[in-house]
There are 2 protein chains.
Amino acid sequence: MRERPGDNGTVPTAKKKPNVSPSPERRRELLDTAAEVFAAQGYNATTVRKIADAAGMLAGSLYYHFDSKESMLDEILATFLDELWTGYDTVLAAGLGPRETIEALVTESFREIDRHRAAVAIYQKEARTLATQPRFGYLADSQTKFEEAWLGTLERGVADGVFRAGLDIRLTYRFIRDTVWVAVSWYRPGGQHSPEEIARQYLSMVLDGVAVRT
Amino acid sequence: MRERPGDNGTVPTAKKKPNVSPSPERRRELLDTAAEVFAAQGYNATTVRKIADAAGMLAGSLYYHFDSKESMLDEILATFLDELWTGYDTVLAAGLGPRETIEALVTESFREIDRHRAAVAIYQKEARTLATQPRFGYLADSQTKFEEAWLGTLERGVADGVFRAGLDIRLTYRFIRDTVWVAVSWYRPGGQHSPEEIARQYLSMVLDGVAVRT
DNA sequence: CTCCTTCCCTAACAAGTGTTTGGTAGGTTA
DNA sequence: TAACCTACCAAACACTTGTTAGGGAAGGAG
């Protein structure tokens, strides 16, 4: 029941359509190893030959599955953001209070770091530069949506009196956002702390501070 | 990678001596523009031709002042770390209490971000990968020293009862460290907040939390 | 004037880059 | 059996990369 692209007889094949059909499972396998190399070495420092090496094949063979190095990066980031927003939207639609929303968002974020470590690391390093390119415009969109969700929740929290009023709300947003995502630089799945445990400690620090209450 | 292979020259190759003497002022000028480009595009994505463009000259001309692209990066980072530790050592030698030490370190960090925005941004992006190279071993040394200073202060603070005892000290260290340095990703000198003001708000959040005290 | 130094340009180099083309081993299907 | 498809290899392509060599303009010193 699946339709094959490319066997529509008379059409002179616009251009970049693959005339063969690689299996999606193999694609995902290769994308996973590519993501690891991107995360470890940086996108620009990663050559397609390094990816091919890590996958046990030759550079040219990658082009059977993908039509460019950039499209690999694209697919990695798009897939990650897709899953991320599935989680976020669920949280945001749950109708929780401001504090509970923040807690849920942070916890969800650490789960995403756990599940998509490589993709998050790539996002962290390259998003700012990539977002200017038209092809990666969805990165900018995501950032905007991200900011709206967090800022809105924080403002609601201040209005409700559960967050301190004296703080610069925008500074607070960046503070929490950065705090959460940079954890990808040291977090390793399977370590002694579960994502939920790390989230709990982070939230404890962000919400209640590290100083002893006087 | 010290020498080109395949070029079996008969000369013993003792060449690495500058037979000319460029002025230090011009060097610093060029290093500043190079740092801006590195920070904006990433080290690997930055070609020497882009640096030369930004400096209003041609690629080859850079090699009158520097002997490689890598040595530019080296000098930028080394200079920054040098000044950074001058500030840190002063703070650490002042004999302050744990909380005051943390406050001073954070404030000093934001001042460094203000003064060396580009260098900090480069450091933030590339340090982890570079630290493995022998040439940039001082980056790893700095990180170790950094960790010792912060961890020691935090432990002292817990022992003295000014920091909460329930927190994972290592997690707290990474929390504060990351919180401070990632600010470089959005901080712009000359903005509406001074480094000291940002430090004050950050410290307020880190020490006392964002939640209202119940 | 000539000599010398500083600073940059012109023009190239070899290695490495992403990508394309044509081919082919091995399995599946007719 | 033959035809076909998937997934790869081998070899090249055009281009970009960091880097080098030689030359020359400007200016000061003798």
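Note that these values count all heavy atoms, side chains included, but never hydrogens, waters or copies made by symmetry.
In the set C:dT10, C:dC8, D:dC8, the nucleotide with an atom closest to the side chain of B:Met57 is C:dC8. Side-chain proximity of B:Ser68 to the nucleotides C:dT10, D:dT19, C:dT19 is greatest for D:dT19. Which of C:dC9, D:dT19, C:dC7 sits closest to the side chain of B:Tyr64 comes down to C:dC7.
A donor and an acceptor atom sit less than 3.5 Å apart, one in the side chain of A:Arg49 and one in the base of C:dG18.
As judged by a 4.0 angstrom heavy-atom cut-off over every strand, B:Thr46 is placed among residues touching the sugar-phosphate backbone only. Within 4.0 Å of A:Thr47, counting heavy atoms only, lie sugar-phosphate atoms of the nucleic acid but no base atom.
Between the CG atom of B:Asp67 and the C1' atom of D:dT20 there is a distance of 13 Å, rounded to whole Å. Put simply, CG on B:Leu62 is 14 Å from P on C:dC7, counting in whole angstrom units. Taking atom CG of B:Asn44 as the reference point, atom P of C:dG18 lies 11 Å away to the nearest angstrom. With rounding to whole Å, A:Asp53 atom CG is found 11 Å from C:dT17 atom P. For the pair A:Leu58 CG and D:dA10 P, the interatomic distance rounds to 6 Å; values are reported in whole Å. Straight-line distance from the CG atom of A:Leu73 to the P atom of C:dG18: 13 Å, rounded to whole Å. Atom C1' of nucleotide D:dT19 and atom CD of B:Glu70 are separated by 13 Å, given to the nearest angstrom.
Of all non-hydrogen atoms in A:Val182 and A:Gln124, the two that sit nearest each other are CG1-NE2, 3.5 Å.
Taking only side-chain nitrogens and oxygens, B:His65 never comes nearer than 4.0 Å to OP1 or OP2 of C:dT6. OP1 or OP2 of D:dT19 sits under 4.0 Å from a side-chain N or O of B:Tyr63. For D:dC9, the OP1/OP2 oxygens have a side-chain nitrogen or oxygen of A:Ser61 closer than 4.0 Å.
Between B:Thr79 and B:Arg28, the closest side-chain pair of non-hydrogen atoms falls below 4.5 Å.
For DNA chain D, no neighbouring residue in residues 23-30 of chain B is found when judged by any heavy atom under 4.0 Å.
A salt bridge does not link A:Arg200 to A:Glu103: none of the charged nitrogens lies less than 4.0 Å from a carboxylate oxygen. Comment: A:Glu148 does not engage A:Lys145 in a salt bridge, judged by the lack of any side-chain N to carboxylate O separation of less than 4.0 angstrom.
Mapping A:Gly60 and A:Ala45 onto DNA chain C by nearest heavy atom places A:Ala45 at the nucleotide closer to the 5' end.
Residues that satisfy the side-chain hydrogen bond (donor to acceptor under 3.5 Å, both in side chains) test with A:Gln143, not counting sequence neighbours, are absent from this structure.
Side-chain atoms of B:Ser142 and B:Trp85 include a donor-acceptor pair closer than 3.5 Å.
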Yes or no on side-chain hydrogen bond (donor to acceptor under 3.5 Å, both in side chains) for A:Asp74 and A:Tyr138, after CA distance, side-chain angles and deciding distance? CA-CA 10 Å; A:Asp74 195 350; A:Tyr138 61 89; 2.6 Å; yes
